[in-house]
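Please read these numbers as outputs of a predicted model, since none were measured by experiment. Convention: sequence-line order gives letters A, B, ...; per-chain numbering from 1.
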Amino acid sequence: MSNSANLSPLILVDGSSYLFRAYHVPYLQALSTASGQPTGAITGVLNMIRSLKKDYPNGNVVVVFDAKGKTFRSDMYPEYKANRPPMPDDLRSQIAPLHEIIEAMGLPLLVVPGVEADDVIGTLAKQASEQGIETVISTGDKDMAQLVTEHVRLINTMTNVELDVDGVIEKFGVKPEQIIDYLALMGDKVDNIPGVVKCGPKTAVKWLTEHGTLEGVIANADKVKGKIGENLRDALEQLPLSYQLATIKCDVELEQTAEQLQPTAADVEKLTELYQTFELRRLLAELTGSSDSEPQETSKAKPKQAKASTSDEVIVQAVEVSETQYQIIYNQDEFLTWLAKLKESKRFAFDTETTSIDYMQAELVGLSFACEPGKAAYVPVAHDYVGAPEQLSRDWVLAQLKPLLESTEILKIGQNLKYDINVLSHYDIEVQGIAFDTMIESYCFNSIATRHNMDALAEKYLDHKTVHFEDIAGKGAKQLTFNQIDIEKAGHYAAEDADITLRLHLALFPALEQLSEQLAVFNDIEMPLLPVLARMEQGGVLIDSDLLAEQSQSLGQRLAALEIEAHNLAGQSFNLSSPKQLQKILFEDLKIPVIKKTPKGAPSTAEEVLQELALDYPLPKVILENRGLSKLKSTYTDKLPLMVSSRSGRLHTSYHQAVTATGRLSSTEPNLQNIPIRSEQGRKIRQAFIAPKDHKIVAIDYSQIELRIMAHLSNDKGLVTAFSEGKDIHKATAAEIFAVPLDQVTSEQRRSAKAINFGLIYGMSAFGLAKQLHIGRNQAQEYMDMYFKRYPGVLTYMEETREQASSQGYVETIYGRRLYLPDINARNGMRKKAAERAAINAPMQGTAADIIKKAMLAVDTWLQEQADDRIKMTMQVHDELIFEIHQDIVEETTQKLVELMNNAAELSVPLIAEAGMGDNWDEAH
DNA sequence: TAGATGGACTA
DNA sequence: ATAGTCCATCTAC
């Protein structure tokens with residue numbers, strides 16, 4: 001790797017680019033000292049420097065930051081970076097300490113006024129190249145690609161992507177020396193550099209490939225056709241300026257040359273002090289050499305642990321793997337050797353490869369395993385393309401594996417294990433010992449840090465880019481299924497899946513273990529829930545497809561009639577379901593006044609708007625009815641019957657356990673959590689969710705669970721009392737706000753109170769409440785003031801929650817499930833306010849989610865004990881569980897289920913579940 | 001053909 | 001005003 005000149009490579013760190021990026025990493029944003037000084041960006045940059053030093057042990061690290069104030073580019077072009085918001089205070093406050101730390105580490109630190117860090121880096125790289133010194137520039141900024149030469153490479157330390165000359169060509173499609181031309185053509189929104197309108201990377205590459213340079217493109221501008229050609233010609237005058245702005249200056253006058261910038265000895269005393277001040281415990285431990293004797297601080301006393309989870313950093317540490325050994329298994333001996341190894345290791349990671357992502361249709365094609373990092377095996381059993389080698393038989397392999405997979409002693413590690421469990425259940429294997437799902441580990445660790453699919457997790461936590469399924473199967477219509485993929489390619493992919501899953505577990509679980517409450521959510525709620533959800537998915541629900549077909553038909557007729565009526569009223573034919581066409585007709589042709597605009601600025605045709613317009617005009621009413629009905633038809637009556645499994649004759653959803661920010665489940669394909677209920681037409685769809693012969697549908701839902709949780713959390717005396725006395729809570733609220741006796745509350749007053757109660761759960765603003773109730777803002781504010789006067793405990797709770805969110809960067813449920821709120825201290829007022837509302841809502845919504853999950857566990861445990869196939873839990877809809885129960889035992893079973901749900905949590909107010917029963921879901925509700 | 005947009009459905 | 005999923009349309013590739 002080192003070059004012939006045998007000099008240490010120069011490692012130039014673009015400190016400012018990393019500082020900004022680290023600042024925006026949610027996981028880092030939550031970090032601060034006990035006294036509230038934010039440290040996330042400091043931590044991020046230091047971690048990055050640390051990993052650079054590890055990757056380039058003999059490298060000569062130099063760190064460069066932007067200086068304060070304007071640069072020569074602003075003189076050239078006053079609008080340069082004029083759009084940039086000022087630097088947020090919580091970032092600014094991290095810069096000086098970071099500089100101090102870097103200097104104490106003994107690393108040369110350059111901050112040169114009048115130019116940007118890029119220019120300093122460019123200058124040093126050029127000098128180094130002239131001396132024959134290899135240079136590596138560590139940056140996240142694509143503009144730096146212009147500096148790449150034979151002797152200068154870029155490394156993005158956050159993604160671990162290295163770019164040399166060929167890399168630049170591959171990534172950008174142009175050579176490094178064309179990068180400036182490329183940037184000039186595209187312009188830069190962020191830096192406010194003008195470019196050619198509508199010219200993105202694709203067009204820029206196309207032109208530069210044709211004409212070589214910006215000059216070439218300019219010379220040939222008159223030949224470019226179409227709108228984009230006009231745009232190019234419009235831009236001709238300012239393109240030279242854009243070129244100048246995009247050019248990194250490589251002749252900055254510096255006090256020291258590249259050669260003179262050498263590290264000095266670290267000032268350990270100063271460093272220690274700084275690390276202590278900023279509570280950078282891991283770095284401190286490394287500095288004082290105590291890292292190996294005490295790998296984790298968590299095994300110590302409790303108070304320390306509590307502190308560690310509020311202000312300290314929990315690091316996800318990946319295992320180092322020097323090389324990987326992935327094996328494809330074709331014969332019985334090799335297989336049995338692996339089997340013995342798995343058995344011996346007491347825990348292993350596995351993954352199934354199948355023909356479909358739909359668990360009801362999937363057929364097993366192969367399995368992969370790993371029990372030490374870097375080593376994994378793939379066992380193909382059903383690749384059937386022409387010329388596929390002979391493979392072990394699926395039945396034999398599964399028969400051998402069955403005892404292991406069903407053992408409660410041997411622990412399983414997987415990524416989205418619910419899928420594998422469902423697939424294997426079709427081969428008569430009931431997986432047990434389900435201990436670690438890496439998807440859920442990541443979710444419990446931080447629900448919003450990343451998506452929780454394997455590719456994303458590997459990139460984020462292992463710094464590893466996995467082979468993606470599309471890479472081996474292709475995409476679009478001609479995507480192959482797994483059985484059609486060449487075994488050698490498939491084998492590497494599949495083995496990597498198992499290996500990465502194991503490595504993710506080894507990285508994530510120890511991190512999770514440092515957060516005792518989240519570990520409990522993982523161990524006591526989420527992992528036990530996984531097989532329960534698998535059973536519900538597998539069991540499915542029964543629908544009456546004929547009834548839905550009838551409804552589709554009658555909806556179709558009504559829609560046709562509405563369409564004709566709408567065309568008549570509009571005086572022209574148009575597509576009723578096109579908001580765009582409707583906008584034109586309503587607001588241009590019919591000249592109806594615009595009430596509200598969409599986020600993009602177009603006049604809105606949303607329901608609330610049409611509702612209002614319907615008072616004065618006939619067309620909006622027709623559109624409204626059409627909208628509602630066509631939604632019902634396309635999403636429900638047409639679609640649901642098509643999704644019935646031919647295998648079971650029932651409808652099987654997928655519940656997702658790692659999607660929502662707050663801890664709720666979500667449901668897809670189909671979504672059973674948004675089946676209509678409000679409109680008359682909508683309820684008809686619920687009538688198609690039926691019980692099997694001799695069975696009843698029982699639906700049990702929690703009454704006002706989120707408000708009860710609010711009462712519990714706020715411990716407001718009035719609210720707790722109201723619930724304890726079993727009052728109609730909206731009515732009771734109305735009586736307080738409007739200062740009337742309970743029995744004199746009007747229905748209008750109750751409605752307002754109900755809106756306020758909902759508003760509270762949603763982190764209400766006077767603005768939002770006013771909109772909801774169609775009243776003035778002042779009036780809404782008066783209602784709120786009165787509410788908080790009557791329920792002061794709630795006000796205190798809200799204030800404390802905002803305060804807590806702001807100081808620690810997250811809020812939590814009563815079981816300690818956390819939601820991080822990266823925007824809680826945002827400078828942008830809108831984002832900050834939105835984060836505050838989420839902060840208010842999450843503890844209530846999330847605690848409700850925790851409680852119903854606990855109820856599901858209790859119910860499932862009881863059902864397993866009963867082992868009675870006349871009772872089945874079929875659906876969960878956030879605060880409601882739906883069952884199929886044989887009519888002979890429906891009464892006593894329902895009573896028992898209600899009791900289990902009522903006892904799922906102990907709050908300071910009663911937790912009440914209410915049951916309904918019927919032949920279909922509509923009747924049961 | 002993928003992604004954005006605007007709208008509608010749920011708790 | 002909190003949290004989601006899914007649909008049709010339109011646009012850009």
Side-chain angles (χ1 to χ4, degrees), chain A residues 198 200-203 206 227-228 447-448 475-479 574-583 596-610 623-636 638-640 643 653-656 659-679 681-683 685-686 701-702 704-706 710 755-773 780 784 819 833-846 848-849 852 875-880 925:
Chain A
K198 294 273 171 185
K202 291 279 156 63
T203 313
K206 194 176 122 204
K227 181 84 186 140
I228 191 92
S447 67
I448 59 146
K475 62 176 176 174
K478 44 191 183 127
Q479 188 173 60
F574 70 104
N575 186 337
L576 275 71
S577 44
S578 166
K580 212 181 157 199
Q581 292 180 27
L582 183 62
Q583 275 160 24
K596 192 188 127 185
K597 296 200 167 175
T598 65
K600 255 194 79 200
S604 168
T605 63
E607 194 208 35
E608 47 168 322
V609 175
L610 297 186
I623 301 291
L624 277 173
E625 189 181 353
N626 177 281
R627 285 245 184 96
L629 296 185
S630 66
K631 173 71 180 178
L632 295 184
K633 184 168 187 290
S634 64
T635 311
Y636 304 106
D638 284 354
K639 214 40 75 67
L640 291 178
M643 304 186 86
T653 185
S654 292
Y655 288 107
H656 300 277
V659 169
T660 71
T662 53
R664 276 189 177 180
L665 298 177
S666 79
S667 156
T668 62
E669 285 184 300
N671 180 355
L672 294 184
Q673 295 179 321
N674 71 343
I675 303 299
I677 190 167
R678 286 174 197 170
S679 70
Q681 272 293 335
R683 270 198 298 280
I685 291 163
R686 288 205 172 204
D701 70 329
Y702 282 117
Q704 308 294 355
I705 187 168
E706 291 181 4
M710 186 171 87
I756 291 173
N757 280 331
F758 270 98
L760 288 161
I761 292 168
Y762 297 156
M764 179 164 65
S765 63
F767 179 75
L769 182 66
K771 220 169 79 181
Q772 181 69 30
L773 285 176
M784 282 173 63
L819 175 65
K833 285 282 176 212
E836 284 180 357
R837 292 194 296 270
I840 299 287
N841 175 259
M844 296 185 260
Q845 190 183 120
I852 198 162
M875 290 186 274
Q876 190 253 39
V877 191
H878 307 311
D879 64 358
E880 175 183 15
H925 207 277

Colleague: Select base, sugar-phosphate, or nothing to describe what A/I677 touches, counting heavy atoms under 4.0 Å on all strands.
Modeller: sugar-phosphate
Colleague: In this structure, how many angstroms lie between the P atom of C/dT5 and the CD1 atom of A/I685, rounded?
Modeller: 20 Å
Colleague: Keeping the roles fixed (side chain from A/Q581, backbone from A/L576), state whether a donor-acceptor pair exists under 3.5 Å.
Modeller: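 Not a single qualifying donor-acceptor pair exists.
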Colleague: I'd like to compare against my own output: the B/S/- annotation of nucleotides 8-13 of chain C with a strict under-4.0 Å heavy-atom distance to protein.
Modeller: SSSSSS
Colleague: Could you check whether A/G759 gets within reach of a base, just the sugar-phosphate, or nothing at all, counting any heavy atom under 4.0 Å?
Modeller: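 Contact class for A/G759: base.
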Colleague: Could you pull out all residues at least two apart from A/A834 that satisfy side-chain contact (heavy atoms from CB on, under 4.5 Å)?
Modeller: A/R837
Colleague: When you measure from the side chain of A/T653 to the backbone N and O of A/P670, does any donor-acceptor pair fall under 3.5 Å?
Modeller: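 Flag set: sc A/T653 to bb A/P670 pair under 3.5 Å.
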Colleague: May I ask you to say what A/A842 touches in the nucleic acid, namely base, sugar-phosphate or nothing, with a heavy-atom cut-off under 4.0 Å?
Modeller: nothing
Colleague: Report the residues that fulfil side-chain contact (heavy atoms from CB on, under 4.5 Å) with A/A755, sequence neighbours left out, ordered by chain and then residue number.
Modeller: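 Partners of A/A755 by the side-chain contact (heavy atoms from CB on, under 4.5 Å) criterion, ordered by chain and then number, come out as A/L769, A/Q772, A/L773.
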Colleague: What is the separation between atom CE on A/M875 and atom C1' on C/dG4, rounded to the nearest whole Å?
Modeller: 17 Å
Colleague: Reckon A/I840 touches a base, only the sugar-phosphate, or nothing at all at heavy-atom distances under 4.0 Å?
Modeller: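 The residue A/I840 makes no contact with any strand.
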Colleague: Given atom CD1 of A/I852 and atom C1' of C/dG4, what is their separation to the nearest angstrom?
Modeller: 15 Å
Colleague: Quick one: side chain to side chain donor-acceptor pair (under 3.5 Å) partners of A/T668, sequence neighbours excluded?
Modeller: A/H656
Colleague: With sequence neighbours left out, write down each residue that passes side-chain contact (heavy atoms from CB on, under 4.5 Å) with A/K580, or none if nothing qualifies.
Modeller: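 Only A/S578, A/Q583 meet the side-chain contact (heavy atoms from CB on, under 4.5 Å) criterion with A/K580.
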Colleague: From CG of A/N626 over to P of C/dC7, roughly how many Å is that when rounded to an integer?
Modeller: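 Taking CG of A/N626 and P of C/dC7, I get 17 Å after rounding.
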Colleague: Round to a whole Å and report the spacing from OH of A/Y762 to P of C/dG4.
Modeller: 13 Å
Colleague: NA contact type, A/A755, heavy-atom cut-off 4.0 Å: base, sugar-phosphate, or nothing?
Modeller: base
Colleague: In whole angstrom, what separates A/K631's NZ from C/dC6's P?
Modeller: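 After rounding, the gap between these two atoms is 9 Å.
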Colleague: If you take any heavy atom closer than 4.0 Å to DNA chain C, which residues from residues 664-671 of chain A end up in contact?
Modeller: A/R664, A/S666, A/S667, A/T668, A/E669, A/N671
Colleague: Starting at CZ of A/F758 and ending at P of C/dA3, how long is that distance when rounded to a whole Å?
Modeller: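 Roughly 15 Å, once rounded to whole Å.
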Colleague: Looking only at heavy atoms, what is the nearest atom pair of A/P676 and A/G682, with distance?
Modeller: CB-CA, 3.5 Å
Colleague: Just checking A/S604: base, sugar-phosphate only, or nothing, at a heavy-atom cut-off of under 4.0 Å?
Modeller: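 A/S604: backbone/sugar contact only, no base atoms under 4.0 Å.
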Colleague: Show me the side-chain donor-acceptor pairs of residues 757-765 of chain A shorter than 3.5 Å, one per line, residues at least two apart or across chains.
Modeller:
unit_1 : atom_1 : unit_2 : atom_2 : d
A/N757 : ND2    : A/H730 : ND1    : 3.0
A/N757 : ND2    : A/T733 : OG1    : 3.1
A/S765 : OG     : A/G768 : N      : 3.0

Colleague: Does A/K833 have any salt bridge (charged side-chain N to carboxylate O under 4.0 Å, His left out) partners at least two apart in sequence or in another chain, and if so, which?
Modeller: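 Partners of A/K833 by the salt bridge (charged side-chain N to carboxylate O under 4.0 Å, His left out) criterion, ordered by chain and then number, come out as A/E836.
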Colleague: Base, sugar-phosphate alone, or nothing: which one does A/G628 contact when heavy atoms must sit under 4.0 Å apart?
Modeller: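 A/G628: backbone/sugar contact only, no base atoms under 4.0 Å.
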Colleague: Restricting to ring pair (Phe, Tyr, Trp, His ring centres under 6.0 Å), what partner residues turn up for A/F767, sequence neighbours left out?
Modeller: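 Ring pair (Phe, Tyr, Trp, His ring centres under 6.0 Å) list for A/F767, sorted by chain: empty.
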Colleague: In whole Å, what is the span from the CD atom of A/Q673 to the P atom of C/dT5?
Modeller: 9 Å
Colleague: Hey, where on DNA chain B does chain A first and last touch, going 5' to 3'? Cut-off is any atom under 4.0 Å from a heavy atom.
Modeller: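 Contact span on the strand: B/dT5 to B/dA11.
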Colleague: With sequence neighbours excluded, tell me which residues meet side-chain contact (heavy atoms from CB on, under 4.5 Å) with A/A848.
Modeller: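 So A/A848 forms a side-chain contact (heavy atoms from CB on, under 4.5 Å) with A/I705, A/E706, A/I709.
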Colleague: Which part of the nucleic acid, if any, lies within contact of A/E880, taking any heavy atom under 4.0 Å across all strands shown: a base, the sugar-phosphate backbone alone, or nothing?
Modeller: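 Answer is nothing: A/E880 stays at 4.0 Å or more from every strand.
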Colleague: Which residues pass the salt bridge (charged side-chain N to carboxylate O under 4.0 Å, His left out) test with A/D638, not counting sequence neighbours?
Modeller: A/K633
